[in-house]
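All remarks here apply to the structure that follows.
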There are 2 protein chains.
Amino acid sequence: MLTLELRARDGLARRAVVHTAHGSIETPNFMTVGTLGAVKGILPRHLLDLGAQVMLMNAFHLAWRPGEELVRKMGGLHKFCGWPEPILTDSGGFQIFSLPGLRKITDEGALFANAVDGSLRLFSPESVVDIECALAPDMAMVLDECPPYPCTPRELTGAVDRSIRWAERSWKHAVKLQGAPPGTGSQQPTAAARGTHRTPYVNFFGIVQGGFDDSARQRSLDATAAIPFPGLALGGFCVGEKIEDTHHGITFTAPKMPAGRPRYLMGMGTPEDILLAVAHGIDLFDCTIPTRNGRNGLAFTATGTVRIKNSEHAGSALPLDAHCSCYTCQNFPRAYLRHLFLAREMNAAILISLHNVAFYLQLMQDIRKAIEEGRLAAFSAEFLARWRSESQ
Amino acid sequence: MLTLELRARDGLARRAVVHTAHGSIETPNFMTVGTLGAVKGILPRHLLDLGAQVMLMNAFHLAWRPGEELVRKMGGLHKFCGWPEPILTDSGGFQIFSLPGLRKITDEGALFANAVDGSLRLFSPESVVDIECALAPDMAMVLDECPPYPCTPRELTGAVDRSIRWAERSWKHAVKLQGAPPGTGSQQPTAAARGTHRTPYVNFFGIVQGGFDDSARQRSLDATAAIPFPGLALGGFCVGEKIEDTHHGITFTAPKMPAGRPRYLMGMGTPEDILLAVAHGIDLFDCTIPTRNGRNGLAFTATGTVRIKNSEHAGSALPLDAHCSCYTCQNFPRAYLRHLFLAREMNAAILISLHNVAFYLQLMQDIRKAIEEGRLAAFSAEFLARWRSESQ
């Protein structure tokens, strides 16, 4: 069972520890994305070397391939993927509503055609809970409906209502399978569940939706928080809206999320996004930015992004980031990384991704320290001033 | 300057140590291939973890990209590539005669059109020595002409004659640039060379050619060995001939190569090839087999090859090789590796390549031990019996 231990506050920002069955997560923290059970180009031992404490995977993608029953037979995701630390699985709500393949959506769930083999499968609140219990992560997102952007008020209301109904169904089904969270009440798993589910307790997170309408956000928050999920997430961003609207949604909603549970901002973001969200009380983040950009030759440094293919790096003996102690920065000049990138050698993707993850994890560590010392605002201002100075 | 220290013999097989400016190489040993300065999917620190003592790169490819002058400015290949141990560069003779782009070959050299940008460049014995001195490996191959297969006796004679003339020109040019090998005579680098070349001494290896004709092999060997190269290589195999002809060429030539210098069999091979060649006195090997096969999902194990995509591995909790202590085998079940491979995740290539390199380095270590203990023949017989038992 997940618990949140608050250590310090700095304004609305929180410094906490999330305890799970597979270890603790110091927050604010960043979850590296390993959609299919692997962070592209980075092995678990590298992530551990870098101090990574939690990995995000995607239940929707894993359900298609290799299939949740295989993972269950292999002893769950931790054992299957060789990752001993906490795991959070996304439900795939975002993918269901953004990837091609959606056939039909009803209150029952979303019928989806698999891009792998074309087969049809219903993703319902209950089936997603079943999938995630088979995968056996420490934390798992329930299925939600992410409204499109732009959408009509009617569409938004419909998506919020459905997400609330789905959250209630998800929780009911999770309790049926696993019992109520230990220590929270009298509900115990059914006999059937006790007999068939040997996996550790999966901590389900509800997801606050509501698009870019404050009252819809508030309504979604109130209803989702009323369900005793061990954690709550903030979703529905990065669907095409203006960045100002994203930031308003975060600053409006995050501080109102229940203080006693972890708050997770889904799928974002840039260092700017993270600093803003942390300042408004977010604990957990995930984003493909460090690894996807790494594969595309864009490196994050204290003074901004570095586009490794730029000719100015051709003869550069400098590391990607002179302030970084990662393996890449300690051993390889930019000229070498640029050479590998232009030659399409996979080690370019590996080395730049490795650095970018190190950069993100160092940023989170610096943020935690700044909160502990009550100087988050000053840290953010300094970081952003340097960060914006030389970005390419 | 390279020296060879013989430690033990077992029949024609040798157990030795090759000392270079960047460290020692226990032989027989296998050089992992990092054509463009990187072993695909495997970082230098992994190679060091696995006990790799030497890396092979390709001067021909590096001359096109990133260019030898850039590498020289960056302080040579070791510094540029973050690899602190010995490096051997191939001259690209094999590539020149096997890749598309060859425009014209004369006694002066080979005119080649670059696949990267279409530009023309002459690869002559002298220009290749220049390139390799700029790259500054510990060992470097001279330019040779690798005859096609099949070829007429006249073509073969022409290629052998030219390779001998080119070897003599290469040596003469290397001595002009670097002086004679320290301790071998009175020749010193010219004033011009002393003024411009700051790189460590590059130990050039001559290459024995001769196709599949014993007298041509003998003639090539005699003439090449007459030049005071610090090492000699055996080349011209894997051009389409029958494996019996390859093996005859190796067993005929290897034992006759000068005993006081390292003997390097170029570009081969399978475990069978290596065991045969070691038994006939070869010290050094290189081959893309472990990494190329790793990327293609073929793993080497004590009981033969494993094709990871085969459905029998779908639910397998076994490691690739139960006898292996590498990171891949200690942490990841076959089911996971198969999943990553089918999903085209790059970590499949990384993890299987890592294991394959571990397998090859372990084989070489076992071979060295067997020679020390005078039981190479028994070791080879046992290894091959197991190896052939279950290959896929």
Side-chain angles (χ1 to χ4, degrees), chain A residues 34-46 48-49 61-62 64-67 69-75 77 79-84 116 291 295 314-317 319 327-351 353-354, chain B residues 34-46 48-49 61-62 64-67 69-75 77 79-84 116 291 295 314-317 319 327-351 353-354:
Chain A
T35 301
L36 282 164
V39 178
K40 293 183 203 307
I42 310 190
L43 303 179
R45 66 172 171 184
H46 295 149
L48 295 175
D49 281 354
H61 287 293
L62 289 165
W64 292 117
R65 186 160 60 184
E69 285 309 320
L70 175 70
V71 175
R72 188 208 299 271
K73 277 177 205 148
M74 298 296 298
L77 283 175
K79 207 168 161 191
F80 183 61
C81 302
W83 173 251
V116 179
T291 41
R295 295 197 298 285
S316 173
Y327 175 70
T328 302
C329 290
Q330 293 300 308
N331 290 277
F332 306 96
R334 291 185 184 189
Y336 176 68
L337 299 171
R338 179 175 187 269
H339 158 60
L340 293 186
F341 183 76
L342 292 181
R344 297 183 189 177
E345 288 278 313
M346 64 196 286
N347 291 23
I350 295 170
L351 287 168
S353 297
L354 198 65
Chain B
T35 302
L36 282 163
V39 177
K40 292 182 204 309
I42 311 190
L43 303 178
R45 66 171 170 185
H46 295 150
L48 295 174
D49 281 353
H61 287 292
L62 289 164
W64 291 117
R65 186 160 61 184
E69 284 308 321
L70 176 70
V71 176
R72 187 208 299 271
K73 278 177 203 148
M74 297 296 298
L77 284 174
K79 207 167 163 193
F80 182 62
C81 302
W83 174 251
V116 179
T291 42
R295 294 197 300 284
S316 173
Y327 176 69
T328 302
C329 290
Q330 293 299 308
N331 290 277
F332 305 96
R334 290 184 185 189
Y336 176 68
L337 299 172
R338 180 175 186 269
H339 158 61
L340 294 186
F341 183 75
L342 292 181
R344 298 184 189 178
E345 288 277 313
M346 65 196 285
N347 291 22
I350 295 171
L351 287 168
S353 296
L354 198 64

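So that the names make sense, note that chain A is the first sequence line, chain B the second, and so on, each numbered from 1.
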query: Who are the ring-ring contact (aromatic ring centres under 6.0 Å, His included) partners of A:F341, not counting sequence neighbours?
result: none

- prompt: Which region of B:V116, side chain (C-beta onward) or backbone (N, CA, C, O), has a non-hydrogen atom less than 4.5 Å from a non-hydrogen atom of chain A, or is it both or neither?
  reply: neither

query: Ignoring hydrogens and geometry, is there a side-chain-to-backbone donor-acceptor pair from B:N331 to A:G82 under 3.5 Å?
result: no

task: Over all heavy atoms of both residues, which pair between A:E345 and B:A38 is shortest? Give the atoms and the distance, please.
output: OE1-O, 3.6 Å

statement: So, the part of A:R295 with a heavy atom under 4.5 Å from chain B: the answer is side chain

- prompt: Considering only heavy atoms, which portion of B:A314 lies under 4.5 Å from any heavy atom of chain A: side chain, backbone, both, or neither?
  reply: backbone

Between B:M346, B:R338, B:R45, the one whose heavy-atom pairs under 4.5 Å with chain A are most numerous: B:R45

message: Looking at chain A, which one of B:G75, B:S316, B:A335 has the largest number of heavy-atom pairs inside 4.5 Å, strictly under?
response: B:A335

Main-chain N/O of B:G41 paired to A:N347 side chain as donor or acceptor, under 3.5 Å: yes

- prompt: Do you know which of B:V71, B:I42, B:L337, B:T35 has the most heavy-atom pairs under 4.5 Å to chain A?
  reply: B:I42

- request: Under 4.5 Å heavy-atom distance to chain A, tell me which part of B:F332 shows up: side chain, backbone, both or neither.
  value: side chain

- prompt: Among all residues two or more places apart in sequence or in another chain, which pass the side chain to side chain contact (heavy atoms under 4.5 Å, CB included) test with B:C81?
  reply: A:Y336, B:M57, B:L77

statement: Separation between CG (B:L43) and CG (A:L351), nearest 0.5 Å, reads 5.0 Å

- prompt: Where the side chain of A:H339 meets the backbone of B:L36, is there a donor-acceptor pair that is under 3.5 Å apart?
  reply: yes

message: Please classify the contact between A:P84 and chain B as side chain, backbone, both or neither, with a heavy-atom cut-off of under 4.5 Å.
response: neither

Region of A:K40 that comes under 4.5 Å of a non-hydrogen atom in chain B: both

